[in-house]
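Each chain gets a letter, A, B and so on, in the order its sequence line appears, and its residues count up from 1.
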Amino acid sequence: MNLIEKYPVELYNTLSRKKELFKPITEGHIGIYLCGPTVYSDPHLGHARGNIGFDVMNRYFQYLGYKVRFVRNVTDVGHLEDEVQGAGEDRISKKARLEKLEPMEIVQKYINSYRKYMDMLKILQPSIEPTASGHIIEQINIVKNILEHGFAYEVNGSIYFDVMKYMESGKRYGELSGKIVEDLMSGSRNLEGTEEKKNPVDFAIWKKAKPEHIMKWDSPWGEGFPGWHVECTAMSAKYLGVPFDIHCGGMDLQFPHHESEIAQCNGAFGKSPVNYWMHNNMLTIDGQKMARSLGNFITLEELFNGSHEKLEQAYTPMTVRFFTLQTHYRTPIDFSNEALQAAEKGLNRLMNSLDVLNSLTYTKENELNQNLEKEINELIESCFLSLSDDINTPQTLASLFDLSKHINSFKDGKTDLGSISKETFNNLKKYFNDFVTVILGLEKENSGNNDKLDGVMKLVLDIRKQARENKDWPLSDKIRDELAKAGIQVKDGKEGTSYSIN
RNA sequence: GGCGGCGUGGCCAAGUGGCUAAGGCGAAGGUCUGCAAAACCUUUAUUCAUCGGUUCGAAUCCGAUCGCCGCCUCCA
């Protein structure tokens, strides 16, 4: 029995508001679309949160044996900054003007930055990373389709999606976000610059460009640029088809972004785009929303070098990754120094156990402890079951920590390694490694462990050993303490002394 | 105002109808140690915001109240 059959996956589908058994459209293959960044500023904590959770999903599916096509787009055009004051100015072009750079230079700069930090967080690179600006023709075609089907109208070179027409066709605008169109209409402010719309809930799918607008393209309706949400419809359709399996993104994108994607896709193709919608929850900093205006907006660069005033220290990418995985992706996560520091220690402990496990050598089977055998195998099993249960990473980590206890106990000689069978030991070794590194994507950082350092440390520890044998405590303690100051921890154990770099 | 979510030990956080409420951090005691550190062992929530209700049985379902957060405008 293969892993796909053995561990069926359940995912929480925002559309139905409950967990559903996951069934891919094409057996053995999964298409995933993740709403990527708008590249106009440095990547921040929020980007990390969403990406880490869905990265584990991606990794887990692949581990089970699925072929995954993971598409993460780059929005480098089309998001309006402010319909009133910006007068339709593109966020990218506004930033470009401020920094006196070409728009595509800005885009390139922040794409590079985004990729760099995602790599540091060990986010797997997407299979396809399409840009909105590279798919203008596809977007124009979507708009054409929607127009042809009567779900949009043109006003002065701009095209708007006609929500009322959509509703009249029997569809419900609001099925994903739970919004009620009447409420949206009464609650919506009648902004200047939106008077072209027949209805305030209508949204632009193509915008006419002002003469001074830098990023604009020819279209059947004159020069302009695509509306907010069309890019995802165009690119997901192109690379994943209609419908495709999983669309994920932050909760804040549920409305209007994803809601509009559903409407557009129905308008263009007559069917809904996605079988499973997944949304990660937001994050807060010390209980407050992260916002530039509150002074608690932390970029990944600041987090990793500790330069933000809210931070008591720098936190490594792996600490951030571990910390994030300790909370389920649908639960709000609160960043605080205290919590990050606790995560740092927890991660350290887990990684130490990994080292310990890999240093153990199985010799011979003695009297088997059936209970222990059972417990270890059940804990391995529970790692699979937890991830299959809507990617429950906190539960998975809990099981791994339980396994850590056993691993350490073998190392200490408290438990005889021969009391579990060779097969169980091999399972433990294989799956503990796989879950920690391959699936959760955690790895040792700044290990710096190399042959040269090992050689030096062997020498130093030998000298210390001799000093200890001669009861030369001042010397042995000096070696230990000075190494500690240099960030190297000496660990005395039954089997001799080892070291680790903090 | 409308929509959605959350409230579990000192802190973080799983569990969403039924064995003794996971796990991490912290704290206390012990083993080990020349002393430490590391590691290991033990202890640390009769209770799940509050009040009612449903049920043989609820942290888990329903209602009300209080508090927090998000979305409704670009946002992961």
Side-chain angles (χ1 to χ4, degrees), chain A residues 14 17 34-38 40-41 43-54 75 79-84 86 91 174 177-180 182-184 186-189 191 201 228 248-257 259 279-284 287-292 322-323 326-328 330-334 336 338-350 352-353 356 382 386 389 392-402 404-415 468 471-473 476-477 480-481 484 489-494 497-500:
Chain A
T14 308
R17 309 249 171 226
L34 171 64
C35 277
T38 303
Y40 66 98
S41 70
H44 54 75
L45 274 173
H47 293 119
R49 207 282 223 249
N51 271 286
I52 290 168
F54 295 126
T75 296
H79 280 210
L80 302 181
E81 176 130 63
D82 185 321
E83 286 195 42
V84 186
R91 328 177 69 141
S177 56
K179 303 265 184 234
I180 295 158
E182 288 75 44
D183 295 339
L184 289 172
S186 60
S188 105
R189 290 163 287 174
L191 296 171
V201 293
W228 310 340
C248 31
M251 246 182 172
D252 52 341
L253 295 178
Q254 245 174 54
F255 187 90
H257 189 59
E259 195 70 61
H279 293 94
N280 62 273
N281 216 313
M282 311 306 282
L283 70 86
T284 51
Q288 277 190 306
K289 184 189 177 178
M290 185 172 83
R292 287 200 165 79
F322 177 86
F323 174 68
Q326 267 195 313
T327 304
H328 186 75
R330 283 192 286 113
T331 303
I333 193 167
D334 185 51
S336 65
E338 198 185 2
L340 261 312
Q341 283 157 15
E344 191 174 75
K345 288 179 183 156
L347 171 66
N348 205 258
R349 194 170 151 196
L350 190 67
N352 276 339
S353 298
V356 166
S382 85
S386 301
D389 181 14
N392 193 328
T393 52
Q395 192 79 264
T396 307
L397 282 170
S399 298
L400 291 173
F401 274 110
D402 283 338
S404 289
K405 284 199 171 152
H406 292 303
I407 291 167
N408 292 328
S409 173
F410 288 133
K411 163 81 173 176
D412 265 24
K414 288 255 156 89
T415 310
R468 295 182 74 202
K471 300 202 190 303
D472 183 354
W473 309 130
S476 71
D477 288 355
R480 178 222 287 161
D481 298 342
Q489 184 183 38
V490 171
K491 296 193 273 199
D492 294 324
K494 284 235 161 66
T497 301
S498 62
Y499 73 97
S500 69

* To do: Report yes if some heavy atom in the side chain of A:N51 is under 4.5 Å from a heavy atom in the side chain of A:L34; otherwise report no.
  => yes

* To do: With the side chain of A:F255 defined as its heavy atoms from C-beta on, choose the nearest nucleotide among B:G34, B:C72, B:A76.
  => B:C72

* **Atom-to-atom span, CG of A:N280 to C1' of B:C71 - whole angstrom** => 14 Å

* **Interatomic distance at P, B:C3 relative to B:U65, whole Å** => 14 Å

* Asked: Hey, does A:Q395 reach any base, or is it just sugar-phosphate, or nothing, if we go heavy atoms under 4.0 Å?
  -> base

* If we ignore angles and hydrogens, is there a donor and acceptor under 3.5 Å between the side chains of A:N281 and A:T331? -> no

* May I ask you to verify if any side-chain N or O of A:R349 is less than 4.0 angstrom from the OP1 or OP2 atom of B:C25? => yes

* OP1 or OP2 of B:A76 under 4.0 Å from side-chain N/O of A:N51 -> no

* Asked: Which whole number of Å gives the distance between the C1' atom of B:A59 and that of B:C6?
  -> 14 Å

* Closest to the A:M282 side chain, choosing from B:C3, B:G70, B:A14 -> B:G70

* Rounded to the nearest 0.5 Å, what's the gap from OG1 on A:T75 to OH on A:Y40? Could you check? => 10.5 Å

* Within this structure, what is the CG-to-P distance between A:D252 and B:C69, rounded to whole angstrom? -> 17 Å

* Asked: If you measure from OG on A:S353 to CG on A:N408, what distance do you get to the nearest 0.5 Å?
  -> 4.0 Å

* Nearest-angstrom distance from the residue atom CG of A:D334 to P of B:C68 -> 15 Å

* Can you name the side-chain contact (heavy atoms from CB on, under 4.5 Å) partners of A:R330, sequence neighbours left out? -> A:Y12, A:K19, A:H328, A:D390

* How far does the P atom of B:A49 sit from the matching atom of B:U8, given to the nearest Å? -> 7 Å

* Scan A:V490 against the nucleic acid and name what it touches under 4.0 Å (heavy atoms): base, sugar-phosphate only, or nothing. => base

* Same-atom distance (P) from B:U44 to B:C32, integer angstrom -> 24 Å

* To do: For A:D492, answer base if it contacts any base atom (sugar-phosphate contacts may also be present), sugar-phosphate if it contacts only those atoms, and nothing otherwise; contact means non-hydrogen atoms under 4.0 Å.
  => base

* Using the P atoms only, state how far B:G5 lies from B:U20, rounded to an integer number of Å. => 32 Å

* Asked: Do A:K405 and A:D402 sit within salt-bridge range, that is, some charged N less than 4.0 Å from a carboxylate O?
  -> no

* When all nucleic acid strands are considered with a 4.0 Å heavy-atom cut-off, which category describes A:L350: base, sugar-phosphate, or nothing? -> nothing

* State whether A:K179 places a side-chain N or O below 4.0 Å from either non-bridging phosphate oxygen (OP1 or OP2) of B:C71. => no

* Do A:R468 and A:D492 sit within salt-bridge range, that is, some charged N less than 4.0 Å from a carboxylate O? -> yes

* Could you check whether A:G174 gets within reach of a base, just the sugar-phosphate, or nothing at all, counting any heavy atom under 4.0 Å? => nothing

* State whether A:N281 places a side-chain N or O below 4.0 Å from either non-bridging phosphate oxygen (OP1 or OP2) of B:C69. => no

* Think A:T331 has a side-chain N or O under 4.0 angstrom from the OP1 or OP2 of B:A14? -> yes

* **5' priority, RNA chain B, between A:N408 and A:R17 [closest heavy atom]** => A:R17

* Phosphate OP1/OP2 of B:A76 contacted by A:T38 side-chain N/O (<4.0 Å) -> yes

* What is the distance, rounded to the nearest whole Å, between atom CD1 of A:I333 and atom C1' of B:C69? -> 14 Å

* Structure fact -> A:H328 NE2 to B:G23 P, in whole Å, measures 20 Å

* Can you find a donor-acceptor N/O pair under 3.5 angstrom joining the side chain of A:K405 to the base of B:C40? -> no

* Asked: Stem ranges for RNA chain B, with three or more consecutive Watson-Crick or G-U pairs under 3.5 Å?
  -> B:1-7 with B:66-72, B:10-12 with B:23-25, B:26-31 with B:39-44, B:49-53 with B:61-65

* Asked: Under 4.0 angstrom, heavy atoms only, what part of the nucleic acid is A:G250 near: base, sugar-phosphate, or nothing?
  -> sugar-phosphate

* Pairwise C1' distance, B:C11 and B:G53 [rounded to whole Å] -> 34 Å

* Using whole Å, report how far CD of A:E338 lies from P of B:C25. => 14 Å

* To do: Answer whether the closest heavy-atom distance between the side chains of A:D389 and A:Q395 falls below 4.5 Å.
  => no

* Structure fact -> Nearest heavy-atom contact between A:T14 and A:H279 is OG1-ND1, 2.7 Å

* **Nearest-Å distance for atom pair CG/P, residues A:D481 and B:A38** => 13 Å

* Mapping A:A342 and A:D389 to their closest nucleotides on RNA chain B, which lands nearer the 5' end? -> A:D389

* Asked: Looking across every strand, which nucleic acid part, if any, lies under 4.0 Å from A:S476 by heavy atom: base, sugar-phosphate, or nothing?
  -> base

* Report yes or no: is the ring centroid of A:F401 under 5.5 Å from the six-membered base ring centroid of B:G24, with the two planes under 30 degrees? => no

* Any side-chain N or O of A:R480 less than 4.0 Å from the OP1 or OP2 oxygen of B:A37? -> no

* **Separation of atom CG in A:L253 from atom C1' in B:G5, rounded to whole Å** => 16 Å

* Could you measure between the two C1' atoms, the one in B:G26 and the one in B:G67, and give it in whole Å? => 26 Å

* Where is the tightest heavy-atom contact between A:Q254 and A:S177, given as atom of each residue plus distance? -> OE1-CA, 4.0 Å

* So which nucleotide from B:C25, B:G34, B:G15 ends up closest to the side chain of A:R468? -> B:G34

